[in-house]
Amino acid sequence: MPSLFVSCFRGVARFPLLVVGLAWLLGVRLSAAERSPNVVLIYADDLGYGDVGAYGAKRIPTPHLDRVAREGLRFTSGYSASATCTPSRYALLTGEYAWRRPGTGILPGDAALIIEPGRTTLATVFRQAGYRTGVVGKWHLGLGSKALDWNGTIAPGPLQVGFDESFIMAATGDRVPCVYVRDQRVVGLDPADPISVSYQQPFPGEPTGRQNPELLRLHPSHGHDMAVVNGISRIGYMKGGVAARWKDEDMADVFTSEAVKFLERSRDTRFFLFFALHDPHVPRVPHPRFVGRTTLGPRGDAIVQADACVGEVMDALRRLKLEDNTLVLVTSDNGPVVDDGYRDDAVEKLGDHRPAGPWRGGKYSRFEGGTRVPFLVRWPARVRPGVSDAIVSQVDLVASVAALTGQTLAENVAPDSLNVLPALLGESPSGRTAVVLHAGRLALREGRWKYIEPSTGPAVNRPTNSELANAPDPQLYDLETDPGETNNLAARQPERVATLRTQLEQIRTSGRSRP
Ligand code: NG6
Ligand code: CA
């Protein structure tokens, strides 16, 4: 570029609009990074494909999710990478299938952080592009290195893997410690009442659900009989930190107000917010204003509450005049479960509601219900409303965001993340050709075909009644003619089974699936 031009350009750099106008006049296209939007990823917990009006739910009003669907792109083949929370979140943030790494199963609340600080993550990719990054809500990827002292500095955690700010719960609503952590500290902790956490032994003198059922207002159906917090028994034991303990009925409001405050603080910069809702995971204790909003009991009411959280974030974006250039992606970490361990009427009141929609199985399952989840993308400035049948997985966000922000990923990072940006923006009808689905063992979807590798595990997860898809023989389904996976074609099409088995084996042994 001639030096005269460069110095002119520098001179006007203080006037961004002028620069954009000048660039336009000169026919210079803005780079991807300059055009890229704010991103809000709303990640529900255990929300099923069939739990959302836009996906066919009739008995749960979800007007805000439906509006996102109506004004955005609604995916019919959007997947979480696994059928439970920790491995799905691991894949979402690292772009690596969790089954490659031992130790990425459902974590206890006192587990160490499972993402190594310094690794490329979804958050570092945004940060690299100059975004301000925040996480609010459920974390469940571990905290600290080992033997964490909850009364001191809680690290490493979100701040060491790419987030500028965090306001989280460590694990799940049903696991101790039942406190919020802002950045590296427990919120509202009284130093005179320190917290202790154990997943091995009860603390002498502390009540437990097992021994003190009279203290409970929500009783376990399986497990969940240890520490009693807010009248609900949990997984794991905790002592102390009484002033810091959360109130389950306020949790959605607390997280949403933190999410909105993050948006307000970030309005003048580009930002990425990972807003990980707790609903409708157990224990389902919605705020009183949502109680009775459905005839499905607390599970349905918790979904209405989740929908309201989405509405509040959308309202905030509108109020801050950020709606147009913010890409909102709403999805869920795994499929639905009805009885996940508390006697909360979910089974009794289910009636004809089908939480997984047309799919078989649910949370914990390799049938489609385990991982085929609601998946919505709304970005008014760029994405035209519609429905997409492209296959996309949450593991693809790392590579797709790199593309969105004009970056090239290093060869050795995010080994399973594919750039499906054209599909996410509705510019291409196809995303991936194949995706690996995970719940203990693996399954492979390739186009219309679904191969489920043999497993000796139980066919049904007894306490939850989730059909797990475990069987000693291979399974092959044609999702186009048999979306409910009822007609196993494996015996009739052995060549296809062999091809898919080899393809899955290749993905497994090569350590990566990104070209
Ligand atoms: C299971 C819990 C279940 C839920 C799940 C994790 C029992 C009996 N069941 O072990 O209630 O917490 O773990 O869910 O304890 S997830 O969505 O975070 O993966
Ligand atoms: Ca979950």
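Positions are given from 1, in the same order as the sequence printed here. Just follow the structure's listing: the first ligand is 1, and inside any ligand the first atom is 1.
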Exercise. Considering Arg234, Lys138, Met226, Arg175, which one's heavy-atom position lies nearest to atom 10 (O) of ligand 1?
Worked result: Arg175
Exercise. Looking just at side-chain N and O atoms, do Thr486 and Arg360 make a donor-acceptor pair shorter than 3.5 Å?
Worked result: no
Problem set entry | Val395 versus Ala81, closest heavy-atom pair with distance | CB-CB, 4.4 Å
Exercise. Side chain, backbone, both or neither: which part of Tyr364 comes within less than 4.0 Å of ligand 1 when only heavy atoms are counted?
Worked result: side chain
For this session: Indicate, with yes or no, if the rings of Phe375 and Tyr79 have centres closer together than 6.0 Å.
Result: no
Exercise. Any idea how many protein N, O or S atoms are nearer than 3.0 Å to the Ca ion (ligand 2)?
Worked result: 5
Problem set entry | Polar proximity ligand 1 side, Cys85 side, N/O cut 3.5 Å exclusive | yes
Exercise. Going by the order shown, which atoms of ligand 1 are within less than 4.0 Å of some heavy atom of Asp174?
Worked result: 3 (C), 4 (C), 11 (O), 12 (O)
Seminar exercise, completed: Nearest non-hydrogen protein atom to atom 9 (N) of ligand 1, with distance, is His224 CE1, 3.8 Å
For this session: Could you list the atoms of ligand 1 found under 4.0 angstrom from a heavy atom of Thr84?
Result: 19 (O)
Seminar exercise, completed: shortest atom 4 (C) of ligand 1-to-protein heavy-atom contact is with Asp340 OD2, 3.5 Å
For this session: Using a strict 4.0 Å cut-off to heavy atoms of Asn334, name the atoms of ligand 1 that fall inside it.
Result: 17 (O)
For this session: Can you sort out the partners of Arg100 under side chain to side chain donor-acceptor pair (under 3.5 Å), two or more places apart, ordered by chain and number?
Result: Asp416
For this session: Only counting residues at least two apart or in another chain, list the ones meeting side chain to side chain contact (heavy atoms under 4.5 Å, CB included) with Leu215.
Result: Pro207, Asn212, Val228
Problem set entry | Pairwise salt bridge (Lys or Arg N to Asp or Glu O under 4.0 Å) hits with a residue in residues 216-242, at least two apart | Arg210-Asp225, Arg217-Glu249, Arg234-Asp248
Exercise. Got a salt bridge between Arg284 and Asp301, using NZ or NE/NH1/NH2 to carboxylate O under 4.0 Å?
Worked result: no
